[in-house]
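A quick write-up on the structure given underneath.
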Amino acid sequence: MPVTDYDLAATLCSGQAFRWQPVNGGWESVVHGRWVRLEQNPGISGPIQATTLVRQTEWSWLETYLQTEIQLGSILATFPTDVPLTEAVMACRGLRLLQQDPWECLSGFILSSTKQIVQIRQCVEHLCRRAGRPVTAPAGTPWAFAFPSAVDVAALDESALRECRMGFRAPYLRNAACAVAEGRLDLESLRTLSTEEARVRLMALHGVGRKIADCVLLFAYGRQDAFPADVWILKVLNHLYFPNRKPSPQRLQRFVDTHFGPNAGYAQQYLFHHARVHLGAALAHPPSRPKRSPIRTSR
DNA sequence: TTCCAGGAATCAA
DNA sequence: TTGATTCATGGA
């Protein structure tokens, strides 16, 4: 796949998908039930090469997943020109959003609650090994299981899910699986709803609040106006946009709703990844005197 | 050993 | 409506 401005490595390990494994300079996972290996030639405009073991007659499933047709420049052009976001974009040039399967994405983020990303990954793999269908993969591949369908997960009892190390999240996932398996929640039909309507449907699930709903809307449904506000983003907003101040949650939400434009979710991903990769220590132990100037809000 | 993690539900005030 | 507490687990 020819691409421009596409940083495959950053995209696959930026906390939006949990099953990609770095292997011998490439990345391996199972996407829509197919084992696949991805490699990118050096640079963020090097073509991406995909390998499967089962011959593919067409690749639209992967192009859609990777969003290779998106013109990144047209998205970045809608960003406000403030210093923190500009720095994040420069540091993470080529970072993209994926478009994942809604059920897999919803499950992953139900499991994400107060877990570190590495633990979410472990938990997801336990679940796949326990309930996922085996897929054709190179010999010895330990993650050669599809992500289990809602029906597969609903067939497990809570104790089996707890054995996947998901703790108090087990009943949340099981309830969601039952809702989808029994047709009480039609994840495909959410595509036809407005972002706000779809958010309400997702948040009706026990264990799914605003943040998890926004992750699913952004990473599975391509709703780029959804802005997941997690602990990292709140640290970023406080540290970089409101130094020496303590804005109320309402003020922060209003800022998020109005500042970042129609692709706020994309902006969020840049701020999130930049903070985790480059600003981790600074955010964990913020200096008493902020080094950055207050935000300019012109666009 | 202690802290805390891509939260959300619950309950008291 | 707001703030504190609880939930399970394991990496750092």
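Here is how names work: the chains are called A, B, and so on, in the same order as the sequence lines, proteins then strands, and each is numbered from 1.
- By the 4.0 Å N-to-carboxylate-O rule, R201(A) lies too far from E197(A) to be salt-bridged with it.
- Under the 6.0 Å cut-off for aromatic ring centres, F147(A) and H32(A) do not qualify, their centroids lying 6.0 Å or more apart.
- With the 3.5 Å cutoff on both pairing distances, Watson-Crick and G-U pairs in DNA chain B assemble into runs of at least 3 at B:2-5 with C:9-12, B:7-13 with C:1-7.
- Remark: Q122(A) engages no residue in a side-chain hydrogen bond (donor to acceptor under 3.5 Å, both in side chains) (not counting sequence neighbours).
- Under a 4.0 Å N-O distance rule, the pair R96(A)/D7(A) does not qualify as a salt bridge.
- When the side-chain nitrogen and oxygen atoms of Q122(A) are compared with OP1 and OP2 of dT9(C), none of them lie within a distance under 4.0 Å.
- Spacing between atom NZ of K115(A) and atom P of dG7(B) amounts to 11 Å, rounded to whole angstrom units.
- For the pair Q119(A) CD and dA5(B) P, the computed distance is 11 Å after rounding to whole Å.
- Cluster annotation: L240(A) and V231(A) are assigned to the same hydrophobic cluster (Ile/Leu/Val/Met/Phe/Trp/Tyr, side-chain heavy-atom contacts under 4.5 Å, transitive).
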Check against salt bridge (Lys or Arg N to Asp or Glu O under 4.0 Å), E158(A) and R162(A)
CA-CA 6 Å; E158(A) 185 180 321; R162(A) 284 181 181 268; 2.9 Å; yes
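- In this model, the phosphate group of dA9(B) is not approached by any side-chain N or O of K211(A) to a distance below 4.0 Å at OP1 or OP2.
- Within the nucleic acid shown, S14(A) comes within 4.0 Å of at least one base atom, counting heavy atoms only.
- DNA chain B is contacted by both V208(A) and G15(A); G15(A) maps to the nucleotide lying nearer its 5′ end (nearest heavy atom per residue).
- Remark: C1' of dG6(B) and CG of L97(A) are 14 Å apart, rounded to the nearest angstrom.
- Cluster membership for L218(A) and F255(A), using ILVMFWY side-chain heavy atoms within less than 4.5 angstrom, is shared.
- What separates CZ of F272(A) from C1' of dG7(B) is a distance of 13 Å, to the nearest Å.
- Counting to the nearest Å, the P atom of dA8(B) and the CZ atom of F109(A) are 11 Å from each other.
- Computed from coordinates, the D230(A) CG to dC4(B) P distance equals 16 Å when rounded to whole Å.
- Both W232(A) and V256(A) belong to a single network of hydrophobic side chains, linked directly or stepwise wherever heavy atoms of I, L, V, M, F, W or Y lie under 4.5 Å apart.
- Within residues 212-219 of chain A, the residues having any heavy atom under 4.0 Å from DNA chain B are, by residue number, I212(A), F219(A).
- When the P atom is compared between dC11(B) and dA8(C), the two are found 16 Å apart, to the nearest whole Å.
- At a non-hydrogen distance threshold of 4.0 Å, R162(A), R165(A), G167(A), F168(A), R169(A) from residues 153-174 of chain A come into contact with DNA chain C.
- As rounded to whole Å, 14 Å separates atom P of dA5(B) from atom CD1 of I233(A).
- For the P atom pair drawn from dG6(B) and dG3(C), the interatomic distance equals 24 Å after rounding to whole Å.
- Taking the ring centroids of F260(A) and F79(A), they lie at or beyond the 6.0 Å cut-off.
- Y6(A) forms part of a hydrophobic cluster together with M1(A), V3(A), L8(A), L12(A), W20(A), W27(A), V31(A), V36(A), L38(A), I48(A), W59(A), W61(A), L62(A), Y65(A), L66(A), L98(A), judged by ILVMFWY side-chain heavy-atom separations under 4.5 Å.
- Across all strands, S112(A) comes closer than 4.0 Å only to sugar-phosphate atoms, never to a base (heavy-atom distances).
- Between H206(A) and dT10(B) there is a side-chain N or O to OP1 or OP2 distance below 4.0 Å.
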Can you name the atoms? Protein N/O to nucleotides 1-4 of chain C N/O, anything below 3.5 Å, with the distance.
residue, atom, partner, partner atom, Å
dT2(C), OP1, Q250(A), NE2, 3.1

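- Regarding R121(A), its CZ atom lies at a distance of 14 Å from the C1' atom of dG6(B), rounded to whole Å.
- Residues V118(A) and I110(A) fall into different hydrophobic clusters, defined by Ile, Leu, Val, Met, Phe, Trp and Tyr side chains chained together at heavy-atom separations under 4.5 Å.
- In this structure, K115(A) and R165(A) approach most closely via the heavy-atom pair NZ-O, 3.2 Å.
- Under the 4.5 Å side-chain contact rule for hydrophobic residues, F272(A) and L237(A) share a cluster.
- For R37(A) and E28(A), the salt-bridge test passes: some basic side-chain N is under 4.0 Å from an acidic carboxylate O.
- Between D214(A) and R223(A), none of the side-chain N atoms (NZ, or NE/NH1/NH2) sits under 4.0 Å from a carboxylate O, so this pair counts as no salt bridge.
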